[in-house]
Protein chains: 2
Amino acid sequence: MTTAVNSWIDRFQGLSTLENHIKEILLNRSTIVSVPANTVIFGPGKAPENLLLLLSGSVRVQQLSEAGREIILYRVHAGESCVLTTACLLAYEDYSAEGIAETDVQAAAIPRMVFDDLIAQSEKFRRFVFSAYSKRITDLFLVIEEIAFQRMDMRLAQKLLELAGSGNRVATTHQQMAAELGTAREVISRQLREFQRREWVTQSRGAVEIINRKGLEVLASSDG
Amino acid sequence: MTTAVNSWIDRFQGLSTLENHIKEILLNRSTIVSVPANTVIFGPGKAPENLLLLLSGSVRVQQLSEAGREIILYRVHAGESCVLTTACLLAYEDYSAEGIAETDVQAAAIPRMVFDDLIAQSEKFRRFVFSAYSKRITDLFLVIEEIAFQRMDMRLAQKLLELAGSGNRVATTHQQMAAELGTAREVISRQLREFQRREWVTQSRGAVEIINRKGLEVLASSDG
DNA sequence: AAAAGTTTGGTGACTTCGTCACTGAAGCTA
DNA sequence: TAGCTTCAGTGACGAAGTCACCAAACTTTT
């Protein structure tokens, strides 16, 4: 029997303090899966059978409208869980959201029944799950607020900074940025042209280079 | 000891099949509360201490933006639960959503600890809770899609029909309708004027009267 | 009952955003 | 190198959001 130390479990804030016997259940009854980039992990007609705890990579959860437009709802990163999915698979399976591996992904997959077991047995695991829900839901509230009330130029500046991270290059097409923000490609093109005119960015096919971070930051944080 | 039959529990789809001893815990450790209309049930700085199961009335959950604008996220009706709230109170308490009693409300209030107990003890209760989550979350996805992609005239027609129910009168101000749809009052005023011109509705101060349901229905269901 | 205040709705001018139809340029493929 | 596909640019226009202001309808006060 393993001692359940130094396992992937400890990479998850909120799981590392689990009781040892719970950790063992988690370790013994979950499997580590590897998923190549761009795999559809769940979606309409493809209900997820497992709760995924991401060890590396990221998963993009997006919604497709009937008219073929799409919007990105949130991302799941390493150290986080696809927990909303779990709820959704229990009932309303007919929603149109889908989860896609954005990079190669490694994850611990917990079967539905084991998940149920853990929820029943461990107060700490329950807390972990409901905390994850909480974060996702507040994220969704934020998305709604941004779509409804914020200006596109501000949202685009924020998204560019977010996607650039510590670097300066954002490798993405205008079309993809449009999906990020739930708008049309032309709108992105025009905004980026304006950013370029202000010498905040330079553009090349399939990429945006940030050359004046400050400018974007000022716009991004100008509340209103 | 009660037999736990004919109680409020049976009004909830998903709870009526609970084991009897679970029903008894639910009955004995929850309290029936009455809340007058317009009470703020939870909100920023007022975390809910209980899971509410609505017996009568309805609760409106809305988000306030910094600029003072608001948007209605969803409603909780009799026979449903304020379950999202429960998750949120566990962690991220700093979200800006608030729940308001739209009418006088009667509800069964389950303290947080009892909720945790029930989750641990009953598979059926877990299913009830996660199903409720599922419904709310898919509702939120729908809200996002509508805000991002649907035309205002269509959304307004849908909302009018929804609020009218089986009647023909919607007692609401333009400002309130704007909050329903996350837009500005002027937009609502202009759309309603157009509906009036088409002789689908008549207006009076604080109310809209539907006089041609068909017209609204056609617009509401014209996808695209 | 008249005056004053508040809430609700109306409107024009303007900006921003989304849509449509089309163009051209860049990169890939055969 | 010719042809295809993807990506980006653009003008024209319609839809939606913003701003500033006005007017009408209810409420409260005197």
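All chains are named by letter (A, B, ...) in the order of the sequence lines, taking the proteins before the strands, and each is independently numbered beginning at 1.
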- Task: Looking only at side-chain atoms of A:Arg193, point me to the closest of D:dT10, C:dG10, D:dC26.
- Result: D:dT10

- Donor-acceptor pair, B:Thr103 side chain versus B:Ser58 backbone, under 3.5 Å? yes

- Grab the CE-P distance between B:Met177 and C:dT7 for me, whole Å please. 21 Å

- Task: Assign a letter to each nucleotide of nucleotides 13-23 of chain D from its 5' end: B, base within under 4.0 Å of a protein heavy atom; S, sugar-phosphate only; -, no contact.
- Result: --SSBBBB---

- Evaluate the ring planes of A:Trp200 and A:Phe195, with Trp represented by its six-membered ring, and classify them as parallel (under 30°), tilted (30 to 60°) or perpendicular (over 60°). tilted

- Query: Quantified as the angle between the terminal helix axes (five pairs each), what is the overall bend of the helix from C:dA1-D:dT30 to C:dA30-D:dT1 to 10 degrees?
  - Reply: 30°

- Task: Write down the distance between CD (A:Gln203) and C1' (D:dT10), rounded to a whole number of angstrom.
- Result: 14 Å

- When rounded to whole Å, the CD to C1' distance for the pair B:Gln196 and C:dT11 reads 15 Å

- Query: Does a side-chain N-to-carboxylate-O contact under 4.0 Å join B:Lys135 and B:Asp139?
  - Reply: yes

- Task: Give a yes or no on this: more than 12 heavy atoms of other residues, nucleotides or ligands lie within 6.0 Å of atom CD of B:Glu162.
- Result: yes

- Query: Do NZ/NE/NH1/NH2 and the carboxylate oxygens of A:Glu80 and A:Arg136 come within less than 4.0 Å?
  - Reply: yes

- Decide whether B:Asn168 and B:Arg213 meet the rule of one side-chain donor and one side-chain acceptor closer than 3.5 Å. yes

- Query: Does A:Gln63 reach the main-chain N or O of B:Phe141 with its side chain, forming a donor-acceptor pair under 3.5 Å?
  - Reply: yes

- Which whole-number value in Å describes the distance from B:Gln176 CD to C:dG9 P? 9 Å

- Item | Between B:Glu98 and B:Gln62, a side-chain donor and acceptor under 3.5 Å | yes

- Message: Just the rounded figure in Å: distance from C1' of C:dT16 to CD1 of A:Ile188.
- Response: 14 Å

- Note on the structure: B:His174 NE2 to D:dA24 C1', in whole Å, measures 13 Å

